[in-house]
Protein chains: 2
Amino acid sequence: MRASRFLFATLRETPNDAEVISHQLMLRAGMIRKLASGLYTWLPMGVRVLNKVEAIVREEMNRAGALETFMPVTQPASLWEESGRYVQYGPELLRFKDRHDNPFVLGPTHEEVITDLARNELKSYKQLPINFYQIQTKFRDEIRPRFGVMRSREFIMKDAYSFHTDQASLQETYDVMYDTYCRIFSRLGLDFRPVQADTGSIGGSGSHEFHVLASSGEDDIAFSTESDYAANIEMAEAILVGERAAATQELKIVDTPNQKTIAEVSAFLGTNSNQSVKALLVQGVADETGQVPVIALFLRGDHELNEIKAEKHPQIAAPLTFATDAQIAALGLTAGFVGPQGLVEKGITVIVDRAASVLSDFVAGANQVDQHATGVNWERDAQYTEVYDLRNVVEGDPSPDGKGTLQIKRGIEVGHIFQLGTKYSEALGCKVLGEDGKPFTVTMGCYGIGVTRVVASAIEQNFDDKGIIWPAAIAPFEIAIVPMNAHKSPRTLEAAEALYAELQAAGYDVLLDDRNERPGVKFSDLELTGIPHRIVIGEKGLDAGTFEYKGRRDAESSNLTKEELLIKIAK
Amino acid sequence: MRASRFLFATLRETPNDAEVISHQLMLRAGMIRKLASGLYTWLPMGVRVLNKVEAIVREEMNRAGALETFMPVTQPASLWEESGRYVQYGPELLRFKDRHDNPFVLGPTHEEVITDLARNELKSYKQLPINFYQIQTKFRDEIRPRFGVMRSREFIMKDAYSFHTDQASLQETYDVMYDTYCRIFSRLGLDFRPVQADTGSIGGSGSHEFHVLASSGEDDIAFSTESDYAANIEMAEAILVGERAAATQELKIVDTPNQKTIAEVSAFLGTNSNQSVKALLVQGVADETGQVPVIALFLRGDHELNEIKAEKHPQIAAPLTFATDAQIAALGLTAGFVGPQGLVEKGITVIVDRAASVLSDFVAGANQVDQHATGVNWERDAQYTEVYDLRNVVEGDPSPDGKGTLQIKRGIEVGHIFQLGTKYSEALGCKVLGEDGKPFTVTMGCYGIGVTRVVASAIEQNFDDKGIIWPAAIAPFEIAIVPMNAHKSPRTLEAAEALYAELQAAGYDVLLDDRNERPGVKFSDLELTGIPHRIVIGEKGLDAGTFEYKGRRDAESSNLTKEELLIKIAK
C-alpha cells in the first residue's frame, strides 16, 4: 500500500471522551470513529487489523473441525420466548417490530437460532458431535457504552455452538476448543491466561474465560506462581490456612464512639484489621411461609466478600441482597456494631469465612451502639452455624491446587468457552435419535471470542507514550518504508520502490510512505499506528549500502545491510 | 474436507414455498435455511460459496485502490433526517428506538454514514479522490420477501462510496469501478451484461447495472446484436423508424359491441394490432391552481407503455398514475373506446409514441360506447400535441447506437454503479478545501454488489435437473473424491486418501466423500450441490491404473490416467 493512497486519519491530540488507552489510541491512530453512542465505524487502518484477527480465528476454527455458518442479526422474538430469555435478558436485548408488527430482536448472541437450526437439521446421533461457528455482528444495548470498541453496542463476535450425545463428547470438543483458543491467542501475539470462570446465569457445568493481561482490565484473575492454575477471582477458592490458636484473652467490651468501619475501629484500638471480624447481614432464601430470614456473614476485617461465592450458598438469596435497616432493627441489632456473640442463640444463621474461623482473641462488634468487643473467641464467646469460603483470594494466598501461591493480575476477557449442557436443547426440544432408536436431548457447548474487543485488548497490552505497538501478526502493515526527501531525491524514491517491490514479493504487508510530508510527521504517524518495522532510506545510507532500521520497540535505529535487514524482519 | 465431518443437509424433495430455482436448489443443497420471513441462516455448504464470492470481490476492490471500512448496521435516525430519506425511504427502512428512546434505523444502505464520515475526516482536495468500501449486512424490510436470498430482508452487500473534486474525477473512478465490476463478475464465472440504467429517485447523472443473464430474471435488458450497446429496458430508447404513409382510407365508425381490448377489437375487425392505437389516460402535473389535468397517451396496439419514460415527461405526474373513472367521465370519454379524434380540441394534451405517430389508416376508439373508428389518419382526423418515446423496445427494434438490432433477455441485477453527484454531500454539508483555499462540496459516486444475491443468480444461470452446476471459482468444493465401498475396501480408501492429500497440496479445495452411504446417495448429493469435478476410485480402476472422472456438465464419465486427470482438473 502506498501511504499517499491510504487514509491516515491520525490525530495529535487525545480525544476528550476517551477514557482508556486503547480507545484513545484507536481514535488517534485513525482506526475507528464514533457514529453514535457505542457505534463505531472502522476506518481502513482499523479494518486491516480486524481482518487479520478474523483470518486467524477462522483458520484455527476450521482446523479444529468447526463448520462455518452465518446467521441473521435479526431474530424472531418467538425463539427467545421459547428459551425464556425474551423476558430474562433485560433491556440489553434490543426489541423491535417489523412493518407487519411482528416482534424481533437484534441478536446479542445466537444460542436460540442455532438450537432451532439443530433441532430441524440434526436427526441422528451419527451426525454428532458437530460444531458450528460464525463471525458475525452482534448488538447489545448497553446502558452506558464506553471504552470504545471494548464495550460498544455493536460488535463482532466469533461464536460457536457444539452438539453432543453426552457429556463425555462435550468434554472432548470443549478440550479441543480450549486448545484452539490457546493457539488463536498465541498466534495473535497476546499475553493471555485461560482461567476457570463462573458459569453465572447461563447455567451449565464448566467454563473458562480467556483473559488478555493488561493493567486496565476490568477483571481480577488469580494465578499460581508455580502451576497452570488460573481462575477469575469470582471463582478462585480461598484455602483454609492454619489452625485456630487457643484463647489467651478475656472478652472485654470497649467504647468505640462513632467508629464503625474496620479501619476506624482498628486505628482507634491500635489493632490490626486482620485481627478483627466484620459482619455482613444479607437476605436468606425465603422459607415456606414467604418469610425472608437474615443471615449473618463474618469475614476477617481485611478480607473482601466474594458475592458470587456467597450466592452459591443454598441458604443465601441470589442475587445477593443486603438486609434492610428495618430487618436489622427487628433483630435488635445495630448496623456498624454487629458481632457474632449471641446471634445463633437468637435463631440467626451465622456463616463464617474460612479465614475468619481460625482467628482467636479477635475484635468484633458488641451488638451495642458505639461499642466493640476485644478478645473474642469462637465457641467460647460466639457460636456459628457453618464455615464457608466467602471471600476473594488475595495475593500470597496458597494456590488451590496446592502448588505455589496466588498472584493477582488484571485481565480483559476476550474469549469464553462454556459447557451449556441441555439448557437450550431442553427448552427448544432439540432431540436426535440415539443408537437405540429413541430420541434424546442433545448436550451443548458454546465458545465465544470478542473479535473487535481483541483488537482493543491487544493495544491495552502493547503501547507506549508514542502510540500502539502491534504484535506483528495483526499489525495493519508489518513494515513501513520511508524514502527521505522523496520529492526531491529520485534516488531514495527509486531505492524505496525497489525494496517495496522486493518485500511485497516476499509476502510482507508493506507500507511505502510516499506522502509529501516532513519525516517527523511520517515517523510520528508510523509510531502512533504501531508498525513493527521501519526502514528509512536516505542518501547517506545509499552511499554506504545500508538501510536505517528501527523496530517499534527499539530505542535507537541501526544501519543495516540488506542481508542484516532481511534477517531482522524475518524474525 | 471429509464429508463425514461436514453437514450435508441435502433434501430430496423440492420445498413447497420455494418459487424460483435458486431458492429451491439452495434449500435442497443444504446451503440455506429460513429462520423467519426474509431471514436465512447460511449453512456450511452455503458459507463456503459466500466466502469465495466475498474474497473475489474484496481482492478486486483492493486492486482498484478502494479502501475497506466497516460501518455499523445500526444508524442514528438523525443522519437520515439530514439527508431527507428518513421520511422518503418508506416502510422498507426499519426504524426502532434504543433503550434510551433514541431513534435508529437498520441500514439498508450507507450513503448517510459514509458522507458523515467524509465530512469529518476529509479536509482537503489533496485527499481526493478516495473510494471507501465495505462488505456488510444490510436490512430492508421488504413487504413480501421472496425468492430466498434473492429478495430477502437481511442480506450482504459490498457497497463503495467515492469522493471527488469534480465530475471528471468521478468519471475516472466510475470507469475504474466499471472495469472492476466486469473483472469481478468474469472471475465469478458468470454470464453478465453491464447495462445503462435509470438513475431513479436516488438522482445523479450516470448509472450502469450489472445483470446476470437468466431466464428467471426480473428485469428485461435490451442489447444490440452488433455492438456493446446494452440497457435496462426502462432506459432503452425506441428509435423512430420509417415515415408516415399517405392516407388511403376514409374514416369509418364501426360497431364493436363489448370489444374493449386491442386483442378483442383486432380479432373482431380482422385487423392486425400493429395497425391500431391504444389510449392510456394518465394524470398530469397539477397546475398552479392545484387542478390535475388528464393526459392522453397513444401507443401502437402491440406496444407496451414504458412507465419510466412516461414519468420523465415534464407534463406527466411521477409516479405514473392512471386517470380515475370520474376524471375520464368528466371529459365525456368512455374507457375502452378512447380515440385521439377531437381530444386536442377539447383541450386535452395528446402525446403520441414515435411508432404510433407514423401509422396511417389505423384503428382507434370512436369515443362512443361499443364503437371504434377505422381508417383513422393523424392530422386529417386526429391532432396530437407531441410525439415522444413512450414505449418499451421490442426484439428487432434498431439499436439506438445505429448498429444492429435489439435482442431482449432477462437479467438479474447483481451490481449497480452510480454517479451520485452532490445529492448527499450537499444535504450533509460535506465540503473540503480546494486548491484555492476555499471550501467546495465534494462530488460522489456509489457502487454496490449484492453479495448474497450473486450466489443465487449464479444458480439461476447454472443448473440442470440434477441440481446446481457451480462455476469453479465459487463452488463449495472444486473436486469430490468418492472411494467405492470404502468401508469394505481399504484399498480404494487408501488410494482416495492419497489423491486427497495430493490435490489438497496442489491447492485445490477437495471433498473426500468418506460417508458411510451408498454410491447413489453420494452421487446425487455431489450433483445436487454442484461440485465441478467428481473422481470415483474403484477396484477395477486401481487395477487398470485409471480414475473414473466426470465433470458436472458431462453426460458420461471417462476413465483417465493420473496425468490425464490432473490436466482435466487444471482446466
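Just so we're clear, the structure is a prediction, and the values are computed from it rather than from any experiment. First the proteins, then the strands, lettered A, B, ... as listed; each starts at 1. When reading the values below, keep in mind they use all heavy atoms of this one structure, side chains included, and skip hydrogens, waters and symmetry mates.
By the salt bridge (Lys or Arg N to Asp or Glu O under 4.0 Å) test, A:Arg144 pairs with no residue at all, sequence neighbours left out. Taking B:Glu121 as the reference, A:Arg33 meet the salt bridge (Lys or Arg N to Asp or Glu O under 4.0 Å) condition, with sequence neighbours excluded. Qualifying side chain to side chain donor-acceptor pair (under 3.5 Å) partners for B:Glu60, counting only residues two or more places apart in sequence or in other chains: B:Arg63, B:Arg183, B:Arg187.
The two residues B:Arg153 and A:Asp98 come nearest to each other via the heavy atoms NH1-OD2, 2.7 Å. Nearest heavy atom pair, residue B:Leu67 against residue A:Met1, reads CD2-CE, 3.9 Å. Between A:Pro72 and B:Glu154 the shortest heavy-atom distance is CA-OE2, 3.2 Å.
A 6.0 Å sphere centred on CG of B:Asp17 holds more than 12 heavy atoms belonging to other residues, nucleotides or ligands. Heavy-atom contacts from other residues, nucleotides or ligands closer than 6.0 Å to CZ of A:Arg518 number 12 or fewer.
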B:Asn516/A:Lys126 under side chain to side chain contact (heavy atoms under 4.5 Å, CB included): CA gap, chis, key distance, verdict: CA-CA 10 Å; B:Asn516 188 10; A:Lys126 290 181 195 164; over 6 Å; no
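For B:Ile114, no part lies under 4.5 angstrom from a heavy atom of chain A. Heavy-atom distances place the side chain of A:Phe132, and not its backbone, under 4.5 Å from chain B. For A:Leu122, the part lying under 4.5 angstrom from a heavy atom of chain B is the side chain only. At a 4.5 Å heavy-atom cutoff, the contact between B:Asp116 and chain A is made by side-chain atoms alone.
With chain B as the partner, the residue from A:Arg58, A:Arg2, A:Glu142, A:Gln75 showing the most heavy-atom pairs under 4.5 Å is A:Glu142. Each of A:Phe155, A:Tyr133, A:Phe104 has some count of heavy-atom pairs under 4.5 Å with chain B, and the biggest count is that of A:Phe104. Per-residue counts of heavy-atom pairs under 4.5 Å with chain A were compared for B:Ile156, B:Thr69, B:Thr74, B:Thr137; the largest is that of B:Thr74. Put simply, of B:Glu68, B:Lys123, B:Met71, the one with the most heavy-atom pairs under 4.5 Å next to chain A is B:Glu68. Per-residue counts of heavy-atom pairs under 4.5 Å with chain A were compared for B:Ile130, B:Ile32, B:Leu7, B:Asn131; the largest is that of B:Leu7.
Residues of residues 38-55 of chain A that come closer than 4.5 Å to chain B, counting heavy atoms only, are A:Leu39, A:Tyr40, A:Thr41, A:Trp42, A:Leu43, A:Pro44, A:Val47, A:Asn51, ordered by residue number.
The line from CD of B:Glu112 to CG of A:Leu35 is 11.0 Å long, rounded to the nearest 0.5 Å.
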